[in-house]
Chemist: 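Below you will find the structure I want to go over with you.
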Amino acid sequence: MSSPVALIDCNNYYVSCERAFDAKLVGVPVIVLSNNDGCAIARSAEAKALGIKMGDPIHHLREKVRTHGVRVLSSNYTLYGDMQRRVVAACAAFARDTEIYSIDETFLDLGGFEDRDLVAHAHAMRDQVRLWTTIPTCVGIAETKTLAKLANAAAKKDPSFEGVADLRDHAARQKVMHTFPVEDVWGVGGATALKLKGLGIETAGSLRDMPMKQARAVGTVVLERLVAELRGVPSNAVETIEPQRKGMAVTRSFGAPVTTLDSMMGTLSQYAMRAGEKLRNYGLVAGRLTAFFHTNRHKPERPQYGGSRTVALQPMTSDSLELIGAARRAAERAWRDGYAYTKAGIMLDDLVGADMRPQTLFEDDTGKRDRLMGALDEINGRFGKWTAVTASQGFRREWKLRSEMRSPAWTTSITEVPMVRA
DNA sequence: TCTGGGGTCCTAGGACCC
DNA sequence: TCTGGGGTCCTAGGACCC
C-alpha cells in the first residue's frame, strides 16, 4: 500500500507574492506579465472576474486595464523564487518528504501521517504557510500524483471543499471524476483531448475507465500511465531527490525583428554568454549546443521559417567564449536571408557536473580560461549584467528587453528591503 | 537478379507542463 | 506597434554496425 500524496498549490502565485509586500494590491484586479512584458501570466481573482485569460497579450487588454483600473506588473522572478523557499520550508514539518514540482506547487509524501485526519492536517499546513508568507494555498490529497492534482483543482474550483479536497473519500471522488473535463486532466493537452473526445471520452471518470490497451494506442505509454494513475495505481512516484538537470536554455522574443545575420550573431552571442553564466552558476558543463531562431508564428505572413542547428562541444565546456563560437557556427549554418526573425535562443544539452567532465587531450589553458570566466562572472555579479562583455558579443543589442513595471527585490537585496516607519 | 534481422546511437520534432 | 521563457519525456526514422 503506498502512502497518500498531497499537492499544495499557491493561489494566483505571482500576484500573491506581489501582494505580500504591497497592501495596495489587495482587493483590486492585478495581473503579472511574462518576460518582455508581453502577456498576462498571473491574474488575481478580480482580474479573472474581468475575463482576463492566461496568456492574453497586454495590447489586447489596454481597454480593460484603463476602465477597471487593473494594476499591471512585470514579473519579478527573484522575488517569486525566494518566496517559494519560504513556502516549502513552512510545509516541511507536515510531510515525510517533498518534491518541488514548479515554482508554486509542491508534492508531499504523507507517509507516516496516515493515522491522522489528513484534511485537518492540510488545513494546519495552509495556516502555517499563510503565517510565514501571507500566501493563500489549496491542497489536494489522493493515492497518486495525478489524482492529487485533480483533487487540488477541485479544491480551487469548488468552494464547498474550503481549500482542501481529499479524493480518497469515495463520494467526493465520484462527484469530481464525473464532472471534471478531460482536457483539464494533468497530462492531457489539446491534441490528446481532441482524440479522446472523438472517442466520446469527455470526463476524468471516463478516461479512467477506458481500456489500457486503447489508452496506449491513443497516447502511447504516457497516456497509459496516466490512466493507471487515475485508477489509483501510482506510476509517477514522489521524487524527493532532485534529479540532475538535463538541459538548459536562454531564449527571448525580440522587441523588433532581426533581419541580418550580423545582428542575429550579436544577439545569439549575448544569449550564449548568459548560458555560460548559468552553467558556471550550477557548476555544470555542456556537451551540445543548439542555436535556433524563427519568424513570428502569430502573424499571418507566409512563408515562415525556423532554423536550428546543433553542434557538439568537445571538450565539454562552460566557457562563454567557446559557447559563443559554437553558437555562431550553428547560426551561420541555419541562417536564411529574407526573413524577419522575432525569436531566437540557445539550448544546452548533455549536462554533467564540471568535476565529472571527461578529460581530453589538448586542454592546456583551461585554468586560465576558468579564471577569466570567474572574473567575468564576478564583475557582472557586482556591477550588473553586461558590465563586462566579450568583443565578439559586441554592443549591438538593437532592441531591449522590456520590464518596466517590476517590483523591488524586497527579500533578496539589502538596498531594496521595505522600510517600516513606526 | 536475388540483398536479413536486429541492435545501437543520434537527431528532429511532437506533446505536454508551469 | 505590442502575443513568455524554460523545462521534460517520448517516438520515429536515419545512419551505422555485425
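Just so it is clear, the values below take in all heavy atoms, side chains as well, and ignore hydrogens, waters and symmetry mates. Residue numbering restarts at 1 for every chain, and letters A, B, ... go by the order of the sequence lines.
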Chemist: Between A:K343 and C:dT3, does any side-chain N or O lie under 4.0 Å from OP1 or OP2?
Modeler: no
Chemist: Strictly below 4.0 Å: does A:R62 bring a side-chain N or O up to OP1 or OP2 of C:dC2?
Modeler: no
Chemist: Where the side chain of A:K299 is defined as all heavy atoms beyond and including C-beta, which of C:dG6, C:dC2, C:dT3 is the nearest nucleotide?
Modeler: C:dC2
Chemist: Under 4.0 Å between a side-chain N/O of A:R309 and OP1 or OP2 of B:dT11, yes or no?
Modeler: no
Chemist: Using only side-chain N and O atoms of A:R288, determine if any of them is under 4.0 Å from OP1 or OP2 of B:dC10.
Modeler: no
Chemist: Ignoring backbone atoms, establish whether A:K53 has a side-chain N or O less than 4.0 Å from OP1 or OP2 of C:dT3.
Modeler: no
Chemist: For B:dC16, does OP1 or OP2 lie under 4.0 Å from any side-chain N or O of A:T192?
Modeler: yes
Chemist: With respect to the phosphate group of B:dA12, does any side-chain polar atom (N or O) of A:T310 fall under 4.0 Å of OP1 or OP2?
Modeler: yes
Chemist: Checking contacts here: which listed nucleotide (C:dT11, C:dT8, C:dC9) is nearest the side-chain heavy atoms of A:R245?
Modeler: C:dT8
Chemist: With a 4.0 Å limit, can you tell me whether A:K149 has a side-chain N or O closer than that to the phosphate oxygens OP1/OP2 of B:dC18?
Modeler: yes
Chemist: Between A:T251 and C:dG6, is there a side-chain N or O to OP1/OP2 distance below 4.0 Å?
Modeler: yes
Chemist: Does A:S253 have a side-chain nitrogen or oxygen under 4.0 Å from the phosphate oxygens OP1 or OP2 of C:dG4?
Modeler: yes
Chemist: Using 30° and 60° as the class limits, which term best fits the ring planes of A:Y341 and A:F293: parallel, tilted or perpendicular?
Modeler: perpendicular
Chemist: Does B:dA15 have its OP1 or OP2 closer than 4.0 Å to a side-chain nitrogen or oxygen of A:K195?
Modeler: no
